[in-house]
*Asks:* 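I'd like to ask some things about the structure below.
Owing to the predicted nature of the structure, the values given are computational and were not obtained by experimental measurement. Residue numbering restarts at 1 for every chain, and letters A, B, ... go by the order of the sequence lines.
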Protein chains: 2
Amino acid sequence: MSPTRSTPKSSPLKRKPGLRSAPAARQVPADSDAKPTRIQERNRARILEAGLSEFSRFGFGGATIEKIAAGAGMSKSNLLYYYPTKTVIYEAVLEHILDTWLAPLRMLDVTGDPAAELADYIRQKLKISAEWPEASRLFASEILQGAPQVKPVLQGSLRLLVSEKAAVIRAWIAAGKLKPHVEPVHLIFLIWSATQHYADFETQVLALTGKTLKDETFRGEAEAALVATILGGVLA
Amino acid sequence: MSPTRSTPKSSPLKRKPGLRSAPAARQVPADSDAKPTRIQERNRARILEAGLSEFSRFGFGGATIEKIAAGAGMSKSNLLYYYPTKTVIYEAVLEHILDTWLAPLRMLDVTGDPAAELADYIRQKLKISAEWPEASRLFASEILQGAPQVKPVLQGSLRLLVSEKAAVIRAWIAAGKLKPHVEPVHLIFLIWSATQHYADFETQVLALTGKTLKDETFRGEAEAALVATILGGVLA
DNA sequence: ATGAAACCTGACCAAACGGTCAAATTGAGC
DNA sequence: GCTCAATTTGACCGTTTGGTCAGGTTTCAT
């Protein structure tokens, strides 16, 4: 496995369908133009699902397209008919979950009550960890490896979003609603890490407590503990 | 890459040196018996170091013994002279850092002052994240993948240690020194996740803040923020 | 100095991997 | 039922990878 991922080469030839010339290969379905078939939709979805499972378990380097294909219930060749390379699958999976991933932070509202807003943010993040632990682990794996694919997003839109929300928190501090010692960015990191921990380190949590977030009682316990401790630490 | 790691097979033949029979292979230096040579000590150390670097960057599946050998400044063949398989290197690296990894938690002392003890624990963990981020990332990678190698430790000694320290925290609560709503295990998770975040998600932290824990100022900031928030959240 | 053990190397191997290709099969509109 | 594009397959290929092996070189105690 190449350490620095190979170039994406998203569409090696990009052949338009209605060209009638060259009788040669016409591979790759609807490469971005035109509406996808029902079969395409179904199979792409299966591939993304299986890809998420494999990539989150073994990382980019440890995953194999053969196993992904098996997980998606199709042959390796057929998988490669829908996505030309392993890297493209990886990118597609990542892109597919990125929005959902960042959504909760976007909802932090200056005009709201800090206590309610932050508690809600923690709950939202914990909910995602509970319901989508594989996505959490995929992101963790990606960042662990130096974020070869999502670094642009981190430096771009995420950075913007974070500085925006840091301003919100700073406004709350200025309004005397949060303790003056609160550091906005570090508070965001604290919430991220604390909530994602239950997904990313699920194995460890399970080994130590015998429970995961799938256990409603346990999830409620974690939620209460995090909300109480973090809010208790930052509310004025 | 096999998903469930292949059997360790720590020493395929285990040939004792002074056997004088079979003129064939006598590979593998001091397989657990007898004191190691100076060269052995040096090379094994180099291999473990390079292995930590590779495994933490690419995970078990993504790392290659060839790159590890290159990182250790020796040929692949020579590396395999010291460690028979990739899995054995991985286990050795993991084992080599395990003690250091768990040490800070062991120091939590019931007789001490909770504020000082917890603050110290946070500082210790943050120090390790700052000075040994690769070890942190290796553990994260291992746990992410389901802890195939360290699960026994998690279920065994770590579980014991955690329940021990949870009792310590519970004693502090009973003594009225911590808020009654504090959940010991979740507090431990909170401290782990918050401190390790700066190592495991270093790339993200760097992209968002332009800093890492290597920056003394930033580290002090993180430390102050974590200590203030967490202690503020749990102290009575 | 010498001999044995320790150390090191390059050539080699089988399996696994990512990816290609020609051809067979299926499906949908007519 | 015909036709043509969409879909699926299995055989195949070059590379990478983990690991073996026979033999060469260095180290070190005597």
*Asks:* Which whole-number value in Å describes the distance from A:Asn78 CG to C:dT26 C1'?
*Replies:*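 Checked: the CG to C1' distance equals 12 Å.
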*Asks:* Rounded to the nearest Å, what distance is computed from the CD1 atom of residue A:Ile47 to the P atom of nucleotide D:dT7?
*Replies:* 11 Å
*Asks:* Looking at C:dA6, I'd like to know if its phosphate oxygens (OP1 or OP2) sit under 4.0 Å from a side-chain N or O belonging to B:Arg38.
*Replies:*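 For C:dA6, OP1/OP2 do not have a side-chain N/O of B:Arg38 under 4.0 Å.
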*Asks:* Do NZ/NE/NH1/NH2 and the carboxylate oxygens of A:Glu221 and A:Lys211 come within less than 4.0 Å?
*Replies:* no
*Asks:* With a 4.0 Å limit, can you tell me whether A:Tyr82 has a side-chain N or O closer than that to the phosphate oxygens OP1/OP2 of D:dT8?
*Replies:* yes
*Asks:* Side chain of A:Leu80, heavy atoms from C-beta onward: which of C:dA6, D:dA6, C:dT20 has the nearest atom to it?
*Replies:*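 When the side chain of A:Leu80 is considered, C:dT20 is the closest of C:dA6, D:dA6, C:dT20.
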*Asks:* Of the candidate nucleotides C:dA6, D:dT9, D:dT7, which contains the atom at the shortest distance from the side chain of A:Gln40?
*Replies:* D:dT7
*Asks:* Does a side-chain N or O from A:Ser75 land closer than 4.0 Å to OP1 or OP2 of D:dT9, or not?
*Replies:*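 Affirmative; the distance criterion is met.
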*Asks:* CZ of A:Phe58 versus P of C:dA16: gap in Å, rounded?
*Replies:*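 So the CZ-P distance, A:Phe58 to C:dA16, works out to 15 Å.
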*Asks:* Does B:Lys76 contact D:dG19 through a side-chain donor or acceptor facing the base, at a distance under 3.5 Å?
*Replies:*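 Such a pair exists between side chain and base.
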*Asks:* Are any of the side-chain heavy atoms of A:Tyr90 and A:Thr85 separated by less than 4.5 Å?
*Replies:* no
*Asks:* Nearest nucleotide by nearest heavy atom, which residue falls closer to the 5' end of DNA chain C, B:Met74 or A:Glu66?
*Replies:* B:Met74
*Asks:* Can you check whether any acceptor in the base of C:dG10 is under 3.5 Å from a donor in the side chain of B:Ser77, or vice versa?
*Replies:*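 By the distance-only test, yes, there is a pair.
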*Asks:* Are B:Asp200 and A:Asp200 close enough that some pair of their side-chain heavy atoms sits under 4.5 Å apart?
*Replies:*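 No, every pair of side-chain atoms sits at 4.5 Å or beyond.
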*Asks:* Ring-plane angle category for B:Phe189 and B:His186, please: parallel below 30°, perpendicular beyond 60°, tilted otherwise.
*Replies:*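 B:Phe189 vs B:His186 ring planes: perpendicular.
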*Asks:* For C:dC8, does OP1 or OP2 lie under 4.0 Å from any side-chain N or O of B:Asn43?
*Replies:*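 So the side chain of B:Asn43 is within the cut-off, an N or O lying under 4.0 Å from OP1 or OP2 of C:dC8.
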*Asks:* Using whole Å, what does the distance between atom P of nucleotide D:dA6 and atom CZ of A:Arg42 come to?
*Replies:* 16 Å
*Asks:* Classify the nucleic acid contact of A:Thr37 as base, sugar-phosphate or nothing, counting any heavy atom under 4.0 Å across all strands shown.
*Replies:* sugar-phosphate
*Asks:* Give the rounded distance in Å between these two atoms: CD1 of B:Ile39 and P of C:dA5.
*Replies:*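 To the nearest whole Å, that distance equals 16 Å.
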*Asks:* Between C:dG19, D:dT7, D:dT17, which nucleotide gets closest to the side-chain atoms of A:Tyr81?
*Replies:* D:dT7
